[in-house]
Amino acid sequence: MSDLEEEYRLDYFEEHGFRRTECSECGDHFWTLDPDRETCGEPPCDEYSFIDDAGFDEEFELGEMREAFLSFFEERDHDRIDPYPVAANRWRDDVLLTQASIYDFQPLVTSGTTPPPANPLTISQPCIRMQDIDNVGVTGRHTMAFEMMAHHAFNAREDIDDPEQYAYEGEAYWKEETVAYCLELFEELGADPQEVTLIEDPWVGGGNAGPAFEVIYKGAELATLVFMQFEQDADGEYEMKDGNCYSPMDTYIVDTGYGLERWAWVSQGTPTVYEAVYPDTIDFLTSNAGIDHTDEEAEIVHRAAKLAGRMDIDEAEDVEAARDDIAAEIGVETERLRELVEPLESIYAIADHSRTLAYMLGDGIVPSNVGTGYLARMVLRRTKRLVDTVGVDAPMDELVDMQAERLDYSNRDTIRDIVRTEVEKYRETLDRGSRRVESLAEEYAETGDPIPTDELVELYDSHGIQPDMVEEIAAERGVDVDVPEDFYSAVAQRHEEEDVASAAETAGYADRIADLPETDRLYYEDQNRTEFEAVVLEVFEREDGDYDVVLDQTMFYPEGGGQPPDHGTLSTEDVTADVTDVQVHDGVIVHRADADPGTGDFVTGQVDGTRRRRLMQHHTATHVVGHAARHVLGEHVRQAGAQKRTDSARLDVRHYEPVAREEVKEIERVANDLVTDNSQVTQEWPDRHAAEAEHGFDLYQGGIPQGEQIRLITVDEDVQACGGTHVSRTGDIGAIKIRSTERIQDGVVRLSFAAGEAAIEATQETEDALYEAGDALDVDPMDVPETAERFFEAWKDRGKEIEELQEQLAEARASGASDGEEVDLDGTTAVIQRVDAEMNELRATANAISEDGSVAVIGSGADGAQFVVAAPEGSGVDAGAVVSELADRVGGGGGGPSDFAQGGGPDAAALEDALADAPDVLRQVMSA
RNA sequence: GGGCUCGUAGAUCAGCGGUAGAUCAUCCCCCUGGCACGGGGAAGGCCGCGGGUUCAAAUCCCGCCGAGUCCA
């Protein structure tokens, strides 16, 4: 195993007089200019020394700092790149949120598949790290939202067999320049280089690794310089700290990260990072919450923050532990300190969370119960709780809007709307929750037991009610709550048994087609042609008897982008094979055919034109409907999935509330206006970075394509990266009919629609249903709604009337008792009667008789054989036992409480005999 | 994407195989000089929809629709 030590020996250090030494406290190796330095500089080995003693010549606000950084690197031949969205799942599917600037370039750029937008480049990338959520506000240094300033260089080895296989070649720069830039930046800002240390700290992440420096200045970690150059490899010669082995890659990448907030903080020397980042917001929130400290109190808070900053506090729990020490050092009671500091901690967190929400919602995340939407919902609810606890009296949408304004988002109205909707939803959840907890607390108040853990887990997991809320409500009713220390792991326990379905291994194509050339895709050349000539390159016989045919070129569109494959035929002079499926694997298009056209032969391909045309209409219509939905519902609307068919298509779209009927009509109108405009639908193949720069990541609503060139489809103002086939003018769609909308998940709405002939068919189908309903009701179709309503009302009235009549009839029967047999049972009268009617009537009759003081045994042969037995109180007859015995005689069963029972069986023929035996049965039961 | 919970009167919920209930709201009557309260009564239900099991389903099973919630 090679050690990485050599990797850190740079000429730069040699030339500038740096020395390598080992920290006397933690044992890490680091580089320094200071001949006397013994410790690495990072807490806990050293303390923060910039608080009240700013680290640079000038103080920088956030924007100033960002500009200083970016222009510094611009002056040194880096291209400035616009930041990417915080929703990283807009361009990659392995993560939800952007957590570092390098996320922007993974995986396609780092692997060398796609060129970077510029090389080298500099960027200030907004990031969100949810894992820090508990620390925000409390530790003084953690923020959930932050900007990672960075300079990146993408390099590829030239001493390999085929340097051209990568999207970039040669070396922009590597370690020497990276370190030099970093220290030059410090010097330019007026930092004392003697106080800078570079700690050797190998980096590992996402299957890659490499040497790295943590750059520390006055106790604060201000930059990380990562030299990504290894990839995971079981046979690799470098063993990294994660225990895996790594070997060198052909590409090697400079990945740096400079935390903008920390740089601004160090430049200002405020006690906490929040005061440097959100001075205005904090002023607003403190005055709004009515927090007004005396000079003495302000001094205590200031000293406490300063002390906390100096300590090694990396987690919120550490703060709690440190609170006593801090209070002692300042000379105040711990409790007093807590009262002063805790509201401020909440306010810091509110400021940070509001900014996080502004980023998330500004970048188009819609709150939901899945994905990034869920994360946004969690942040919003947490913020709302903090706002309520600390007594801030401003609406949430205003707090978020303040940040959105600062971040210069243009969709602020939508953001406010979303926040208001979410807050309202949360209020409803809390209402529901407290009602539930109240009734539960009352239940346990009666028994005197504490509310057990499994009830708590259930409340949290299924109803979103936090244990502290349960405690609060339960306490009002004097009920204890059993909250275990490891509550959240008890919740996790519940999820542990969930099965992890293993993905079925698909297609054994990979090795079989690896040597075949990529198929020429004729369907992009002329999307309206259906006939073509080709040469058969290879034929594989399938296990099911069909054949997989590979051609040199094809007009057949393979399944992709939610568009199903073309069907059609491949013919030679001898054979005509039906094509029923077309798939693409690594650029090789495979046609599934029911006959073997013969390898090496010429074939004539014929695509099923009707099917293709219908699919194209639906595909273009999908773009049109998406565009119309965006127009009507708002800019946040984005595709969350789509499927096209020959008779209909569906488009799933992110939206935060149900789509109203009026909105559906409006979308339909806008969409059909686009059809009427008959504008050209164009395709082009621009460079991907040029396309991204011009149109943004909204291009990738249908998925993220690979490669340096991407295919763009433009329909009116709507531009999307799309591999599907499209009609050439919007007029060719014919018509668009939205058939239904439904809520797929919270935050996702499905629009189902039909285009072209299918739209006509869909309309006809709906009309048919209406006509049939009209026929059935014998009214004009237009009168169906009114008539249906009238009929439904009349039907309900009749039900009530029947019930009333049945009761009257029952009473008449009971008082008349003419056709019933009366039996005397030790002073109590029993009436045995056959009434061939339905159960309701039987019950009513039995009830009426029983109310008159007699035992009732009613039998019916209307539907099999059925009995109802009712016994007045004190009769000594167990109705359940009687019914059970009688029902047994007609081949069934029955039962019920002793005063009223019912039952029956299929054998109607035995009913009379059973009723004849009833007196005996009654006597038997009474004596039993 | 997966797990869990819930759909019963206008609202909130109970019932969880055997006659559909409570509270609030609504309407009427009584009490009062009037109001609040109190008392008496009435009206209000495709028990989400569709299948299945059963002599019998609001209740058990399956599917669908709708709502909520936790996790990745």
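So that the names make sense, note that chain A is the first sequence line, chain B the second, and so on, each numbered from 1. Computation of the quantities below employed the complete heavy-atom set of this structure, encompassing side-chain atoms and omitting hydrogens, waters and symmetry-equivalent molecules. None of these values were measured; they are calculated from a predicted model.
- A/Gly880 comes within 4.0 angstrom of nothing in the nucleic acid, heavy atoms only.
- The side chain of A/Ser462 sits closest to B/rC4 out of B/rC4, B/rU19, B/rC65.
- Pairing for B/rC60 is with B/rG52, a Watson-Crick or G-U wobble pair whose two hydrogen-bonding atom distances lie under 3.5 Å.
- For the P atom pair drawn from B/rC6 and B/rC16, the interatomic distance equals 14 Å after rounding to whole Å.
- Contact check on A/Arg889 versus A/Glu885 returns a salt bridge, with a Lys/Arg side-chain nitrogen under 4.0 Å from an Asp/Glu carboxylate oxygen.
- Distances shorter than 4.0 Å separate some side-chain N or O of A/Arg377 from OP1 or OP2 on B/rU69.
- OP1 or OP2 of B/rA67 has at least one side-chain nitrogen or oxygen of A/Arg743 nearer than 4.0 Å.
- Under 4.0 Å is where a charged nitrogen must lie from a carboxylate oxygen, and between A/Asp417 and A/Arg420 at least one such pair does.
- For A/Asn847, whose side chain is taken as the heavy atoms from C-beta onward, the closest listed nucleotide among B/rU19, B/rG45, B/rG68 is B/rU19.
- Across all strands shown, B/rA11 pairs with B/rU23; the Watson-Crick or G-U wobble distances both stay below 3.5 Å.
- Under the 3.5 Å distance criterion, with hydrogens and angles disregarded, no donor-acceptor pair is assigned to the side chains of A/Glu838 and A/Gln866.
- The side chain of A/Ser439 places no N or O atom within less than 4.0 Å of a non-bridging phosphate oxygen (OP1 or OP2) of B/rC13.
- In a base pair of the Watson-Crick type (N1 to N3 plus N6-O4 or O6-N4) or a G-U wobble (N1-O2 and O6-N3), with each distance short of 3.5 Å, B/rC47 is matched with no nucleotide.
- Rounded to whole Å, atom P of B/rC6 lies 7 Å from atom CZ of A/Arg436.
- Place A/Gly464 and A/Gln902 on RNA chain B by their nearest nucleotides, and A/Gln902 ends up nearer the 5' end.
- Judged by atom type and distance alone, A/Asp461 does not reach the base of B/rU69 through any side-chain donor-acceptor pair under 3.5 Å.
- Between A/Lys800 and the phosphate of B/rG44, there is a side-chain N or O to OP1/OP2 separation shorter than 4.0 Å.
- The phosphate of B/rG1 (OP1 or OP2) has a side-chain N or O of A/Gln745 nearer than 4.0 angstrom.
- With ring centers used as reference points, A/Tyr103 lies 6.0 Å or more from A/Tyr84.
- Comparing B/rC65, B/rC46, B/rC70 by their nearest atom to the side chain of A/Phe792 picks out B/rC46.
- Of the N and O atoms on the side chains of A/Tyr444 and A/Glu455, at least one donor lies less than 3.5 Å from an acceptor on the other residue.
- Within the shown strands, B/rC71 is the pairing partner of B/rG1 under the Watson-Crick or G-U definition, both distances less than 3.5 Å.
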